[in-house]
Protein chains: 2
Amino acid sequence: MPVHAAPNALFTALPDPTRRAICERLSRHGEQTVHILTDRASVSLPAVSKHLGVLRRAGLVRNRREGRHTHCRAEPDGLAPLIDWMSLYGAFWRERFGRLEALLNRMDP
Amino acid sequence: MPVHAAPNALFTALPDPTRRAICERLSRHGEQTVHILTDRASVSLPAVSKHLGVLRRAGLVRNRREGRHTHCRAEPDGLAPLIDWMSLYGAFWRERFGRLEALLNRMDP
DNA sequence: CCGATCCATAACGATATGGTTATGGGATGC
DNA sequence: GCATCCCATAACCATATCGTTATGGATCGG
């Protein structure tokens, strides 16, 4: 099992709409440079750059530098702490995730 | 009362550790009065009261008044927007939640 | 070599957030 | 009736968050 970022960094990263938009774009369109992300965002480049730092520390985004370009990609595993927390939340979800886990284990070993 | 609160209210409610602790306690121990929650929390009663307001607006907690006591209980359905958002995030989780959806449809119609 | 481009960081201001104490209203007990 | 308990809200303060502009380092094109 992979080591997860501190859950608090993840929870703190999610409320900002600009950050969620960045996550959604990266998940839909794959790797994007900071420049492209800035063009699509409604804020300045320094703002995007800082948001990316927050997302990287939360484990949701990974950077790959290539020359003067920085390519960013989504890191789905970073969502794991969310699943962990939700699984604690109550019988409703715990039961369903427990069964899901069993199903997944049977289906793809 | 809306079926689901705005997703942003949910995302905004989660980062605070005191609020998450309240959610965890309610999910583990069932209904609790504000007074009990305050005793277990590390902050004052007004703080707890305001946190409960945030959680209620996020759809995570529901109140039931009985005399001078206010009983609070967890509302697992409030987590649905979180699932919705994660299902957009990437192939990894989308695939798993697709299976979850199918499983749930078979399990409880 | 030189200007332009991509990006990160610093510095700063406006607003949001989370805590406190103070106040008050409604329910309960004596 | 009156004090007490439970809770919500108001008022206020400290800090965090999120935006901006300014600056600079690194890289590429010509």
Side-chain angles (χ1 to χ4, degrees), chain A residues 5-26 29-75, chain B residues 1 5-26 29-75 78:
Chain A
N8 205 61
L10 176 59
F11 287 114
T12 301
L14 292 180
D16 186 87
T18 302
R19 282 198 286 269
R20 287 208 306 279
I22 290 173
C23 287
E24 289 162 19
R25 165 160 282 274
L26 290 178
H29 299 86
E31 272 193 356
Q32 307 258 308
T33 66
V34 177
H35 181 252
I36 296 293
L37 290 173
T38 298
D39 279 351
R40 302 311 191 263
S42 56
V43 294
S44 65
L45 184 141
V48 171
S49 182
K50 284 198 289 186
H51 282 312
L52 287 169
V54 172
L55 290 171
R56 189 166 35 78
R57 266 170 257 124
L60 287 172
V61 164
R62 181 177 290 257
N63 289 350
R64 178 176 66 84
R65 293 179 47 194
E66 185 177 334
R68 58 181 165 177
H69 299 278
T70 299
H71 299 268
C72 308
R73 62 180 182 82
E75 193 78 35
Chain B
M1 290 297 194
N8 204 62
L10 175 59
F11 287 114
T12 302
L14 292 180
D16 186 87
T18 301
R19 282 197 286 268
R20 287 208 306 279
I22 289 174
C23 288
E24 290 163 18
R25 164 160 283 273
L26 290 179
H29 299 86
E31 272 194 356
Q32 308 258 311
T33 66
V34 177
H35 182 253
I36 296 293
L37 289 172
T38 299
D39 279 351
R40 303 311 192 263
S42 55
V43 294
S44 65
L45 185 141
V48 171
S49 182
K50 282 199 291 186
H51 283 312
L52 287 169
V54 172
L55 290 171
R56 188 166 37 78
R57 264 171 258 124
L60 287 172
V61 163
R62 181 178 289 256
N63 289 349
R64 177 176 67 83
R65 293 177 47 194
E66 184 177 334
R68 59 181 165 178
H69 298 278
T70 300
H71 299 267
C72 308
R73 62 181 182 82
E75 193 79 33

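Everything numeric here is computed off the predicted structure, so don't read it as measured data. Labels below follow one simple rule: chain letters A, B, ... track the order of the sequence lines, proteins then strands, and each chain is numbered from 1.
Rounded to an integer number of Å, the gap from CG of L52(B) to C1' of dG18(C) is 14 Å. As a whole-Å value, the separation of N63(A) CG from dT9(C) P is 10 Å. Atoms CG (N8(B)) and P (dC18(D)) sit 11 Å apart, rounded to a whole Å. Across the protein-nucleic acid pair, R65(A) atom CZ and dT27(D) atom P stand 7 Å apart, rounded to whole Å. Atom P of nucleotide dT17(C) and atom CZ of F11(A) are separated by 18 Å, given to the nearest angstrom. When rounded to the nearest whole Å, the span between CG of L45(B) and C1' of dA8(D) equals 9 Å. Across the protein-nucleic acid pair, H35(B) atom NE2 and dT28(C) atom P stand 16 Å apart, rounded to whole Å. Rounded to whole angstrom, the span from the CZ atom of R56(B) across to the P atom of dT9(D) amounts to 8 Å.
With values rounded to the nearest 0.5 angstrom, T70(A) atom OG1 is found 13.5 Å from Q32(A) atom CD.
Ranked by how close their nearest DNA chain C nucleotide is to the 5' end, H71(A) and K50(A) are led by H71(A). Comparing G67(A) and V54(A) against DNA chain D, the residue whose closest nucleotide sits nearer the 5' end is V54(A). Comparing S42(A) and T12(A) against DNA chain D, the residue whose closest nucleotide sits nearer the 5' end is T12(A).
The shortest distance between the side-chain N/O atoms of H69(B) and the OP1/OP2 oxygens of dC6(D) is not below 4.0 Å. Between R19(B) and dG18(C) there is a side-chain N or O to OP1 or OP2 distance below 4.0 Å. Between T18(B) and dG19(C) there is a side-chain polar atom (N or O) within less than 4.0 angstrom of OP1 or OP2.
Between dG19(C), dT9(C), dC7(D), one nucleotide has an atom nearer to the side chain of S49(A) than all others, and that is dT9(C). Which of dG18(C), dT20(D), dC7(D) sits closest to the side chain of A47(A) comes down to dT20(D). Checking dG19(D), dT21(C), dG19(C) against the side-chain heavy atoms of P46(B) singles out dT21(C) as nearest.
Side-chain contact check for L26(A) versus L60(A): every heavy-atom pair is 4.5 Å or farther apart. Under the 4.5 Å side-chain criterion, counting only non-hydrogen atoms from C-beta, L14(B) is not in contact with L14(A).
Considering R64(A), R68(A), H69(A) in turn, R64(A) is the only one that fulfils the side chain to side chain donor-acceptor pair (under 3.5 Å) rule with E66(A).
Within the nucleic acid shown, T38(B) has no heavy atom closer than 4.0 Å to any nucleic acid atom. Counting any heavy atom pair closer than 4.0 Å across all strands shown, S44(B) reaches a base atom.
R68(B) contributes no side-chain N or O that forms a donor-acceptor pair with the base of dC7(D) under 3.5 Å.
The backbone N or O of L45(B) lies less than 3.5 Å from no partner atom in the side chain of S49(B), so there is not a single donor-acceptor pair.
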